[in-house]
Asks: 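Quick one: the structure is below, questions incoming.
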Amino acid sequence: MKSRTQDELVHDHYLNKRNEEIETKTKMLGKVSKDHENDFKIFYPSPEGLKDLPGGSVLICIEFTLKKPYTGRGEDEFYEKRNPIIRDKFTCLPIVRPSSWKGNLRFSATQIDDPRFSNKDIIIGRLFGSGSRKRDGRRGRLHFFPTFFEKWEKDVITPISRKTRKPKRGALEVEVIKEGRNGEFHILYTPYPRGKGFTMDEVVEDLEFLAEALKLMFYTYGFSARKTSGFGVIRDEVEGNLYVSDRSHGFRDLHKLRDLVRGVLGE
């Protein structure tokens, strides 16, 4: 029988200890009253807050269903044998962090190829900001919120070499959110900061562009750590709401969000 190395023993000890911590937290959460089992939703924004924001502010809420599994790399040090999903430190629930949403949406925004957005780089700068390290850096107009998932499962995948299209190493154990699971996405747009010559036409342009980026991220590129393998895309049908001031406008398909933005804000 092959003797185990010190690294393997340390690795297994670390994972066993972490699993015990997760199991303890899960048991603690299970003791919480059912009246409070969705308390994580307090982190989601309320449309009522729009009345206190600058005119032209918009909240988009999307309830989606995964078409392909979602996985996100956690903070464990040992990735070669196990790939834990990112979890919220307080609830131990799987989470998509605001920073992850921002990074994935920005990537999708750069992929937009539409002649109607000839000033694409300017719009991306307005929406996402130009970076705090730049001398003239400024904050973006988009505000992101976390997404929580209530259930996760273990899966096994075999990495494939992009060159040979053959397995390049052994199977990996991965924690995933399976297809068919539901999640909620929330994004807030505020037309601030404003540059010189600002008009409401700029708001409409920003939001139409945002609608295209959301469509690409959710339907084409995905938002998972393994999006190049098709992970993290959603089913076409969603339960969406576009909130403007005290009005709510529903939509069931991200392909129609751009037209909805034009119809509501272009009035």
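In what follows, residues are counted from 1 in the order of the sequence shown.
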Asks: In plain terms, say whether Glu205 and Arg116 are close enough for a salt bridge, that is, a side-chain N and a carboxylate O under 4.0 Å apart.
Replies: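 Salt bridge flag = no for Arg116 with Glu205.
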
Asks: Could you point out which residue of Phe149, Phe64, Phe218 forms a ring pair (Phe, Tyr, Trp, His ring centres under 6.0 Å) with Phe185?
Replies: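 That would be Phe218.
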
Asks: If you look at every heavy atom in Pro146 and Ile95, which pair is closest and at what distance?
Replies: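 The pair with the smallest heavy-atom distance is CB-CD1, 3.7 Å.
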
Asks: Grab the two heavy atoms, one from Gly250 and one from Leu260, that are nearest each other, plus how far apart they are.
Replies: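 Of all heavy-atom pairs spanning Gly250 and Leu260, the closest is O-CD2, 4.1 Å.
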
Asks: The test is salt bridge (Lys or Arg N to Asp or Glu O under 4.0 Å); show your working for Arg258 and Asp114 and say whether it passes.
Replies: CA-CA 13 Å; Arg258 182 173 173 177; Asp114 189 326; 3.1 Å; yes

Asks: Report the C-alpha separation of Thr147 and Arg97 in whole Å, then their side-chain angles, then the decisive distance to 0.1 Å, and conclude whether the side chain to side chain contact (heavy atoms under 4.5 Å, CB included) test is met.
Replies: CA-CA 7 Å; Thr147 293; Arg97 293 173 175 165; over 6 Å; no

Asks: At their closest point, which heavy atom of Ser108 faces which heavy atom of Leu216, and how far apart are they?
Replies: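 Closest pair (atom of Ser108, atom of Leu216, distance): O-CD1, 3.6 Å.
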
Asks: Establish, yes or no, whether a centroid distance under 6.0 Å links the rings of Phe231 and Phe223.
Replies: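 No; Phe223 has its ring centre 6.0 Å or more from that of Phe231.
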
Asks: Quick one about Asp206 and Tyr189 (side-chain donor to acceptor, distance below 3.5 Å, no hydrogens or angles considered), yes or no?
Replies: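 Looking only at side-chain atoms, Asp206 and Tyr189 do form a donor-acceptor pair, the distance falling under 3.5 Å.
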
Asks: Under 4.0 Å between a Lys/Arg side-chain N and an Asp/Glu carboxylate O for Lys120 and Asp113?
Replies: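 Salt bridge absent between Lys120 and Asp113.
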
Asks: Please say which of Leu59, Val58, Ile60 ends up in a side chain to side chain contact (heavy atoms under 4.5 Å, CB included) with Ile187.
Replies: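 Of all the options given, the one that passes is Ile60.
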
Asks: On the six-membered ring of Trp152, is Arg181 placed so that its NZ or CZ lies under 6.0 angstrom from the centre and within 45° of the ring axis?
Replies: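 No, Arg181 does not lie over the aromatic ring of Trp152.
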
Asks: Check whether Tyr219 reaches the backbone of Leu254 with its side chain - one donor and one acceptor, N or O, closer than 3.5 Å.
Replies: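 Pair found, side chain donor or acceptor close to backbone of Leu254.
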
Asks: Regarding Glu237 and Arg252, does a basic nitrogen lie under 4.0 Å from an acidic carboxylate oxygen?
Replies: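 Salt bridge present between Glu237 and Arg252.
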
Asks: Centroid separation under 6.0 Å, is that true for the rings of His186 and Phe144?
Replies: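 Centroid separation for Phe144 and His186: 6.0 Å or greater.
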
Asks: Between Glu179 and Arg235, does any NZ, NE, NH1 or NH2 come within less than 4.0 Å of an OD or OE carboxylate oxygen?
Replies: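 Judged by the 4.0 Å cut-off on N to carboxylate O distance, Arg235 and Glu179 do not form a salt bridge.
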
Asks: Where do His255 and Lys215 come nearest, in terms of heavy atoms and distance?
Replies: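 Minimum heavy-atom contact is ND1-CD, 3.2 Å.
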
Asks: Would you please indicate if the ring centroids of Phe107 and Tyr221 are separated by under 6.0 Å?
Replies: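 When the ring centroids of Phe107 and Tyr221 are compared, they turn out to be within the sub-6.0 Å range.
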
Asks: Parallel under 30°, tilted from 30 to 60°, perpendicular over 60°: which one fits the rings of Tyr44 and Phe148?
Replies: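 Plane angle between 30° and 60°, so tilted.
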
Asks: Of the non-hydrogen atoms in Ala213 and Ile112, which two are nearest, and what is the gap between them?
Replies: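 Scanning both residues completely, I find the closest heavy atoms to be N-CD1, 3.7 Å.
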
Asks: Sequence neighbours excluded and cut-off under 3.5 Å, please list the side-chain donor-acceptor pairs for residues 45-53, or say none.
Replies:
{"unit_1": "Ser46", "atom_1": "OG", "unit_2": "Glu48", "atom_2": "N", "d": "3.3"}
{"unit_1": "Lys51", "atom_1": "NZ", "unit_2": "Glu48", "atom_2": "O", "d": "3.1"}

